[in-house]
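Following: one structure in structure tokens, then a few remarks.
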Number of protein chains: 2
Amino acid sequence: MNVVNESPRRKELTRLAAQLFVQEGFDRTTVRMLAQEMGIKSGSLFHHFRDKQEILAAVIEEGTQNALSIARQALESCEDSAEARLHAMARAHLETLLTDRNAHVVALYEWRRLDAESRSHLSHLRDAYEALWERVIDEALEAGLIRGDRFLVSRFVMGALNWTVRWYDPEGPRKPEDLAHELIAMIAPSTHAAQARSTKV
Amino acid sequence: MNVVNESPRRKELTRLAAQLFVQEGFDRTTVRMLAQEMGIKSGSLFHHFRDKQEILAAVIEEGTQNALSIARQALESCEDSAEARLHAMARAHLETLLTDRNAHVVALYEWRRLDAESRSHLSHLRDAYEALWERVIDEALEAGLIRGDRFLVSRFVMGALNWTVRWYDPEGPRKPEDLAHELIAMIAPSTHAAQARSTKV
DNA sequence: GGTTTACACTAGCGCTTGCTTGGTTGATCT
DNA sequence: AGATCAACCAAGCAAGCGCTAGTGTAAACC
């Protein structure tokens, strides 16, 4: 019978599903396409997942969990200044786009295809991630690193970062490190990062 | 027979379609749902549009055309300083989200469901709009209003602005004017806008 | 006053969809 | 050696899909 466990097989299938969801979109991806990509028949798919919705939820959960743990780890292992923490968060965020790009694209584009219960479960995860951001931005505001409305600044920054999935090319010359620097230089021009940049160019 | 004209009836139907596409997503919206919303039977729909794809293209074209003409008008009727032009663009962008929100959400989320020919036609329109942005940002860079990499700054700004469709509440206290001010204050802290803000708060 | 045109209807074809059912296989455990 | 179990398959159902064909009708035009 079908299970809700976390078998390694299921994780691999989730990874493949994420790729197809990005290529085709959730609604256009049929269970037959998913099965073929996985090397099994469409019926066998429902041994691993209750229904198609559950595959989508699994993809998004996987990606968000990873982003959350990477961000937490980055915050723990960086210097304690507001600037260092802001930079660590931006860099962590961009690095997950390298390693988990598919899952994040799905989370951004197909969120609304989740049913009500998956959505409420996953929105807690997402809230936890965004809370990390708001806290780091609060610290930056208090330190006078940046200024402006707390709510608006965090939304603008999240927007700029999330939008990167649209244009960022991991094969290109720009590394996540560079993007993080440039973003912080843009919103906090009085930092070391900004000065290093503006004299270099 | 079905036509490709621009009858007022077709425009009204396009507006209704945009709303449904936002609520349900393009793939989940059936021609029967569209017809019901329009008060006709599903077969009658194909008198106005060749196929379902064409409805999507019509929605996106309408929204992009409006954004483009509003932006051009804003640039023509504003002061000639780099700061004024940047502000005019940001404000125009946010105001189209008020008046044409549905169409823009569709353009952002359902772009990939366009077939090849619609996509190539519409991407010219979108490029024209983004070119306006790049030019204004170039001017701001030259004027020393902001600093940083031309490519990255424009992507970050577009990201922050486009992301607003996710959280912006037109009924709330913040007006497009305010958002535009705040965004510019964030990326160009030495402007009048920034000083007015930071002393006021 | 006859023809055309715009817009709508009814009915349904051919196909695809997500998912179910009942059964087979090979490895693991006792 | 027998039992258990995860993993898979073949076959197909019921529902829904985009779209077409053929027809009706009221207004507009010549």
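Protein chains get the first letters and strands the later ones, always in sequence-line order, with residue 1 at the start of each.
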Practice prompt. Any pair with a residue in residues 60-80 of chain A that passes ring pair (Phe, Tyr, Trp, His ring centres under 6.0 Å), sequence neighbours left out, goes on the list, sorted by first then second residue, please.
Written response: none

Worksheet entry | Distance below 4.0 Å between H48(A) side-chain N/O and dC8(D) OP1 or OP2 | yes

Item to complete: For T30(A), enumerate each residue passing the side-chain contact (heavy atoms from CB on, under 4.5 Å) test, keeping only those at least two apart in sequence or located in another chain.
Response: R32(A), M33(A)

Worksheet item: When the ring planes of H93(A) and W133(A) are compared, do they come out parallel, tilted or perpendicular, using 30° and 60° as the limits?
Response: perpendicular

Worksheet entry | Rounded distance (Å) that lies between atom P of dT20(C) and atom CZ of R50(A) | 11 Å

Discussion item. With each end axis built from five pairs of C1' atoms, what bend angle do you get for the helix from dG1(C)-dC30(D) to dT30(C)-dA1(D)? Round to 10°.
Written reply: 10°

Worksheet item: Would R10(A) and E54(A) pass as an ion pair if we require N to O under 4.0 Å?
Response: yes

Item to complete: Give a yes or no on whether a salt bridge exists between E12(A) and R15(A), defined as a side-chain N under 4.0 angstrom from a carboxylate O.
Response: yes

Fill in: H104(B): partners by ring-ring contact (aromatic ring centres under 6.0 Å, His included), with sequence neighbours left out
none

Discussion item. How many whole angstroms separate atom NZ of K52(A) from atom P of dC19(C)?
Written reply: 8 Å

Give every donor-acceptor pair under 3.5 Å between a side-chain atom in residues 66-78 of chain B and any protein atom, sequence neighbours left out.
residue, atom, partner, partner atom, Å
N66(B), ND2, D100(B), OD2, 2.6
S69(B), OG, N66(B), O, 3.2
S77(B), OG, Q73(B), O, 3.0

Fill in: salt bridge (Lys or Arg N to Asp or Glu O under 4.0 Å) partners for E139(B), two or more places apart
R85(B), R135(B)

Worksheet item: Within less than 4.0 Å of OP1 or OP2 of dC9(C), is there a side-chain N or O belonging to S44(B)?
Response: yes

Discussion item. Between R10(A) and dA7(D), is there a contact of a side-chain N or O with OP1 or OP2 at under 4.0 Å?
Written reply: no

Item to complete: Map G43(A) and R9(B) onto DNA chain C by nearest heavy atom, then report which one ends up closer to the 5' terminus.
Response: R9(B)

Worksheet item: Tell me: CZ of R113(B) to C1' of dG18(D), nearest whole Å?
Response: 17 Å

Worksheet item: Q53(B) has an atom CD; how far is it from atom P of dC19(D), in whole Å?
Response: 8 Å

Fill in: ring-ring contact (aromatic ring centres under 6.0 Å, His included) partners for F26(B), two or more places apart
F21(B)

Worksheet item: Taking atom C1' of dT17(C) as reference, at what distance in whole Å does atom CG of L45(A) sit?
Response: 14 Å

Worksheet entry | Separation of dC8(D) C1' from F49(A) CZ (nearest whole Å) | 15 Å

Fill in: DNA chain C-proximal residues of residues 32-41 of chain B, any heavy atom under 4.0 Å
R32(B), I40(B), K41(B)

Worksheet item: Taking OP1 and OP2 of dA8(C), is either one under 4.0 Å from a side-chain nitrogen or oxygen of H47(B)?
Response: no

Practice prompt. Round to a whole Å and report the spacing from CG of D51(A) to P of dC19(C).
Written response: 5 Å

Item to complete: Using a cut-off of strictly less than 4.0 Å between a heavy atom of the residue and any atom of DNA chain D, enumerate the qualifying residues of residues 13-30 of chain A by number.
Response: none

Worksheet entry | R150(A): partners by salt bridge (Lys or Arg N to Asp or Glu O under 4.0 Å), with sequence neighbours left out | E134(A), D138(A)

Fill in: Qualifying residues under side-chain contact (heavy atoms from CB on, under 4.5 Å), relative to D27(B), sequence neighbours excluded
D27(A), R28(A), R113(B)

Fill in: Pairs where residues 166-175 of chain A contributes a residue and the test side chain to side chain donor-acceptor pair (under 3.5 Å) is met, not counting sequence neighbours
Y109(A)-R166(A), R174(A)-D149(B)

